[in-house]
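Fair warning: this is a prediction, and the values are worked out from it, not measured in the lab. Every chain is numbered from 1 and lettered A, B, ... according to where its sequence line falls, protein lines coming before strand lines. Because only heavy atoms are used, hydrogens play no part in the values below, and waters and symmetry mates are left out as well, while side chains stay in.
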Protein chains: 2
Amino acid sequence: MSHVTSKKTPGDTQAQILSATLSLFTGQGYFNTSVHDIARESEVSIGSIYHHFKDKEGVARALYNDMINRMSSELATIKKNHNTAHDRCYAVIELLFIITEQEPDIMEFMLYSKHREFLPNERPVCSSQPFEIMREFVQDGMNSGEIQDMDLMVASTCLFGGAIRMITSSMDGLLKKPLSSYIDDIWICSWRAVAT
Amino acid sequence: MSHVTSKKTPGDTQAQILSATLSLFTGQGYFNTSVHDIARESEVSIGSIYHHFKDKEGVARALYNDMINRMSSELATIKKNHNTAHDRCYAVIELLFIITEQEPDIMEFMLYSKHREFLPNERPVCSSQPFEIMREFVQDGMNSGEIQDMDLMVASTCLFGGAIRMITSSMDGLLKKPLSSYIDDIWICSWRAVAT
DNA sequence: GTCTATACGACGATAGAC
DNA sequence: GTCTATCGTCGTATAGAC
């Protein structure tokens, strides 16, 4: 929709490039992916890529920002729809598991890439906005008495650490059953770790 | 000691190379480190590096194997010196924290590198021997009744996930106090998550 | 075993036509 | 905006002297 003026690919050449790039970066890594690879996979010429992005790092940065914004908006929705730390944090884990299963590339790029190696000016993922929102949920839970009073980082890592490790285990192929089938067991343990 | 025959660097050119390489790989990543960098940093010529190792990947592989073996032997010691799952798992976290503080490069290379990107034939760290031993400790704890009966991966990730996330947070510079000062708080939460 | 010099290929990025 | 062709650089790995 929106403003479709030309006949083919309304202007989403960018989206094509980004989609192919995400798949390549997660499949073989940033440094094992050449701009030629991106051109071939996205069925676009090298010239087009350099027209839409400053350089290879620019493509990665666009991908990174998309991901951060997407997560931030999803977390804002969770914040709006749930009121207790218990419900919000469960919803966060549920969201992470769903993304892992339905769009594994996104989760892999988010949790499993060494961004510092190819985006030297970005802050580490864990100090990005989404992770800050997650810690905010935990802080609210401590203020309201749902979660034991303790260091915020300790509470956050203990509450989300199990689920996050489970996600990386899933991406490493270590799980026998689908990731989502573990969610209730994980949650019982994680919540028990910090609840009052 | 051992067999010191020549006057300078008894034969540990290899160790020199590996040490410099570890520092470079953790500092700027595998792909941002050239063999020239390694030569300069280890004060050895390129020719020497290729004499001692097949190629750049071979240096990384040697580093990786050293690390796995070192960890396996440390974990074997823990197994010998402690008898309960409680004591063994606490000792594991204590060990990980100590290594993180005293030899951060080793921990960073172990937990924070995307080995699959430069060692495509190695299994992911989490399915390596050290992590298997850690899971074995947890399984023993379930058999003896110290730990609740549940899926082994769930119990393992919940028990160690918080501590491991705390380590990566520490490496990302997110902690205000030294990592080891958090150990007791972490342990209380982590153990409560899975204990009977 | 250690060194220097070099070959060779790949990749990022640009130029310039359409 | 998209394309092809090309340039320059850098990095891995080897050759061969000492």
query = With Phe25(B), which of Phe31(B), Tyr30(B), Tyr112(B) fulfils ring-ring contact (aromatic ring centres under 6.0 Å, His included)?
reply = Tyr30(B)

task = Kindly confirm or rule out a cation-pi arrangement of Lys79(A) over Phe137(A), judged by NZ or CZ under 6.0 Å from the six-membered ring centre and within 45° of its axis?
result = no

key: Sole candidate of Arg116(B), His115(B), Arg61(B) that passes side chain to side chain donor-acceptor pair (under 3.5 Å) when paired with Glu122(B)   = Arg61(B)

query = Separation of Asp55(B) atom CG from dT14(D) atom P, in whole Å?
reply = 8 Å

request  = Report yes if a side-chain nitrogen or oxygen of His51(A) is closer than 4.0 Å to either non-bridging phosphate oxygen (OP1 or OP2) of dT2(D); otherwise report no.
outcome  = no

task = Using a cut-off of 6.0 Å, state whether more than 12 heavy atoms not belonging to Gln129(B) lie near its atom CD.
result = no

query = Quick one: which of Thr196(B), Val194(B), Val154(B) gives a side-chain contact (heavy atoms from CB on, under 4.5 Å) with Gln148(B)?
reply = Thr196(B)

inquiry  = Output the rounded distance in Å from CD1 (Ile17(B)) to P (dG1(C)).
reply    = 11 Å

task = May I have the distance from Phe53(A) (atom CZ) to dT14(C) (atom P), rounded to whole angstrom?
result = 15 Å

Rounded interatomic separation in angstrom, taking CD1 from Ile46(A) and P from dT6(D) = 14 Å

query = At under 4.0 Å, does any side-chain N or O of Ser48(A) touch on OP1 or OP2 of dG1(D)?
reply = no

request  = Find which nucleotide of DNA chain C each of Gly47(B) and Lys54(A) is nearest to by heavy atoms, and output the residue with the more 5' nucleotide.
outcome  = Gly47(B)

inquiry  = Could you work out, with side-chain hydrogen bond (donor to acceptor under 3.5 Å, both in side chains) as the rule, every residue matching Arg165(A), not counting sequence neighbours?
reply    = none

query = Please give, in whole Å, the distance from dG11(D) C1' to Glu57(B) CD?
reply = 15 Å

Residues touching DNA chain D, which here means a heavy atom under 4.0 Å, drawn from residues 23-45 of chain A = Val44(A), Ser45(A)

request  = Using atom CD of Gln16(B) as one end and atom P of dG1(C) as the other, report the distance to the nearest whole Å.
outcome  = 14 Å

request  = Take the protein atom OH of Tyr50(A) and the nucleotide atom P of dG16(C), then report the distance between them rounded to whole Å.
outcome  = 18 Å

